[in-house]
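Contents: one structure, followed by commentary.
Positions are given from 1, in the same order as the sequence printed here. A quick note: this is a predicted structure, and the numbers were derived from the prediction, not measured.
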Amino acid sequence: MKKLIIIPAYNESACIEQTVRDIQKYAKEFDYLIVNDCSTDRTKEICEKNEFNLINLPINLGIGGAVQTGYRYAYENDYDVAVQIDGDGQHDASFLTQMSKTMQREGADMLIGSRFIEKQGFQSSLIRRIGIVYFTWLIKLLTGTTITDPTSGLRMINRSVIEIFARDYPKDYPEPESVVAVLRKKKQVKEIPVIMRERQGGSSSIHSAKSVYYMVKVTLAILVERLRRYE
């Protein structure tokens with residue numbers, strides 16, 4: 001099987017080299033691709049200096065556009081599996097082999113690495129945990145499926161979902177909305193317990209001042225997604 005790690009990167013100079021080194025050490029059966037979303041720091045310079053596998057976007061597309069670029073690459077290059085890993089050091093590459101085996105064994109179309117099944121490692125900030133509980137409730141209400149960590153960026157998908165996301169992927173704060181889209185297409189979404197670390201560098205795009213906006217915007221996007229008709 002061809003397996004690809006997609007690393008969206010915006011101003012991740014503090015962590016991007018270690019992120020790739022961990023992948024090279026713990027996930028050797030995976031290819032990887034860094035999608036540099038017009039970083040204004042040294043991310044591009046560090047990647048090129050180390051000859052990392054890199055796409056430099058000509059304009060800033062945001063997290064959704066950067067991740068979709070990776071999915072387009074995966075689809076056009078016939079990858080069977082794609083997984084997103086954030087460039088900030090939160091995600092542990094040593095879990096990827098286990099995730100791949102679990103996804104194949106359980107027949108999942110999407111497998112999410114969840115912090116909240118065994119509740120080990122960094123559990124996110126209080127305000128984010130409130131948002132996570134809210135989105136878990138909303139997704140359960142709309143789809144009947146409980147997703148304990150709907151904002152997790154550590155998510156592995158198979159070829160059928162790669163094709164979906166290559167064509168259509170949410171642009172801003174895409175994780176909860178994309179889960180609903182996959183569930184609406186009658187795909188199997190499962191979770192596996194993982195341990196995540198606190199962000200190792202850089203700054204999050206979501207802070208306390210934007211949290212209310214984030215929750216309202218994603219709620220509206222999920223409701224619109226719920227109303228869409230699929231062929």
Side-chain angles (χ1 to χ4, degrees), residues 4-27 30-74 82-93 95-96 113 115 121-129 131-132 149-156 165 169-178 194-215 217-218 221:
L4 179 70
I5 297 168
I6 300 164
I7 311 169
Y10 178 71
N11 292 349
E12 301 291 4
S13 60
C15 304
I16 192 65
E17 183 173 355
Q18 188 58 51
T19 297
V20 174
R21 299 301 181 205
D22 285 348
I23 288 169
Q24 292 172 333
K25 181 177 181 180
Y26 295 111
F30 287 79
D31 297 333
Y32 73 88
L33 177 70
I34 299 165
V35 183
N36 176 34
D37 193 23
C38 272
S39 296
T40 58
D41 65 357
R42 296 180 60 249
T43 298
K44 179 175 181 286
E45 177 185 341
I46 291 169
C47 292
E48 291 179 342
K49 177 183 176 181
N50 287 280
E51 298 184 340
F52 292 155
N53 303 328
L54 177 69
I55 289 178
N56 290 305
L57 297 179
I59 60 172
N60 180 271
L61 296 180
I63 181 64
V67 173
Q68 187 178 23
T69 299
Y71 289 136
R72 287 286 300 273
Y73 179 91
V83 58
Q84 177 185 336
I85 279 205
D86 291 346
D88 57 15
Q90 290 190 79
H91 298 154
D92 189 340
F95 283 98
L96 294 183
R115 294 161 281 191
F122 180 61
Q123 298 290 287
S124 195
S125 63
L126 175 61
I127 193 163
R128 285 199 173 202
R129 290 200 302 273
I132 289 165
D149 201 350
T151 67
S152 171
L154 182 59
R155 46 187 53 209
M156 185 174 288
F165 286 169
Y169 194 71
K171 298 300 181 285
D172 296 320
Y173 320 123
E175 287 83 5
E177 185 183 347
S178 62
V194 298
I195 297 173
M196 293 189 190
R197 301 180 285 253
E198 193 169 0
R199 170 182 280 273
Q200 304 297 294
S203 59
S204 173
S205 61
I206 304 171
H207 46 75
S208 57
K210 293 181 68 175
S211 296
V212 174
Y213 167 78
Y214 165 76
M215 292 182 69
K217 187 177 189 303
V218 175

> Any donor and acceptor pair, going by atom type alone, linking the side chain of Asp37 with main-chain N or O of Ala66 inside 3.5 Å?
Replying inline: no
> Are the side chain of Tyr26 and the backbone N or O of Phe95 linked by a donor-acceptor pair below 3.5 Å?
Replying inline: no
> Looking at Val67, Thr69, Ile85, Asn36, which one forms a side-chain contact (heavy atoms from CB on, under 4.5 Å) with Pro8?
Replying inline: Val67
>> Restricting to salt bridge (charged side-chain N to carboxylate O under 4.0 Å, His left out), what partner residues turn up for Glu175, sequence neighbours left out?
In response: none
> Is there a donor-acceptor contact under 3.5 Å from the side chain of Arg115 to the main chain of Met196?
Replying inline: no
> Between the main-chain N or O of Leu4 and the side-chain N or O of Asp31, is there a donor-acceptor pair closer than 3.5 Å?
Replying inline: no
> Can any side-chain N or O of Thr43 pair as donor or acceptor with the backbone N or O of Glu12 at less than 3.5 Å?
Replying inline: yes
> So, Ser152 side chain and Leu154 main chain: donor-acceptor pair closer than 3.5 Å or not?
Replying inline: yes
> Counting only N and O atoms by type, is there a donor-acceptor contact under 3.5 Å from the side chain of Asn60 to the main-chain atoms of Cys38?
Replying inline: no
> Do the side chain of Asn11 and the main chain of Ser39 share a donor and acceptor less than 3.5 angstrom apart?
Replying inline: no
>> Taking Val83's backbone N and O only, do any of them form a donor-acceptor pair with Arg155's side chain (distance below 3.5 Å, no angle check)?
In response: no
> Of all heavy-atom pairs between Val218 and Tyr173, which one has the smallest distance, and what is that distance?
Replying inline: CG2-CB, 3.7 Å
> Just by distance, with hydrogens left out, do Gln18 and Arg21 show a side-chain donor and acceptor under 3.5 Å apart?
Replying inline: no
> Is any NZ, NE, NH1 or NH2 atom of the basic residue among Glu45 and Lys49 found under 4.0 Å from an Asp or Glu carboxylate oxygen of the other?
Replying inline: no
> Any idea how Tyr71 and Phe165 line up, ring-wise: parallel (<30°), tilted (30 to 60°), or perpendicular (>60°)?
Replying inline: tilted
> Given the rule in the side-chain contact (heavy atoms from CB on, under 4.5 Å) test, do Asp41 and Ile46 qualify, once you have shown the distances and angles that lead to the verdict?
Replying inline: CA-CA 10 Å; Asp41 65 357; Ile46 291 169; over 6 Å; no
> Which is it for Thr151 and Arg128 under the side-chain contact (heavy atoms from CB on, under 4.5 Å) test, yes or no, and what are the steps along the way?
Replying inline: CA-CA 9 Å; Thr151 67; Arg128 285 199 173 202; over 6 Å; no
> By side-chain hydrogen bond (donor to acceptor under 3.5 Å, both in side chains), which residues pair with Gln84, not counting sequence neighbours?
Replying inline: Asp86
>> My understanding is that only residues two or more places apart in sequence, or in another chain, count here; which of them pass salt bridge (charged side-chain N to carboxylate O under 4.0 Å, His left out) with Lys217?
In response: Asp172
> Ile34 versus Ile55: any side-chain heavy-atom pair under 4.5 Å?
Replying inline: no
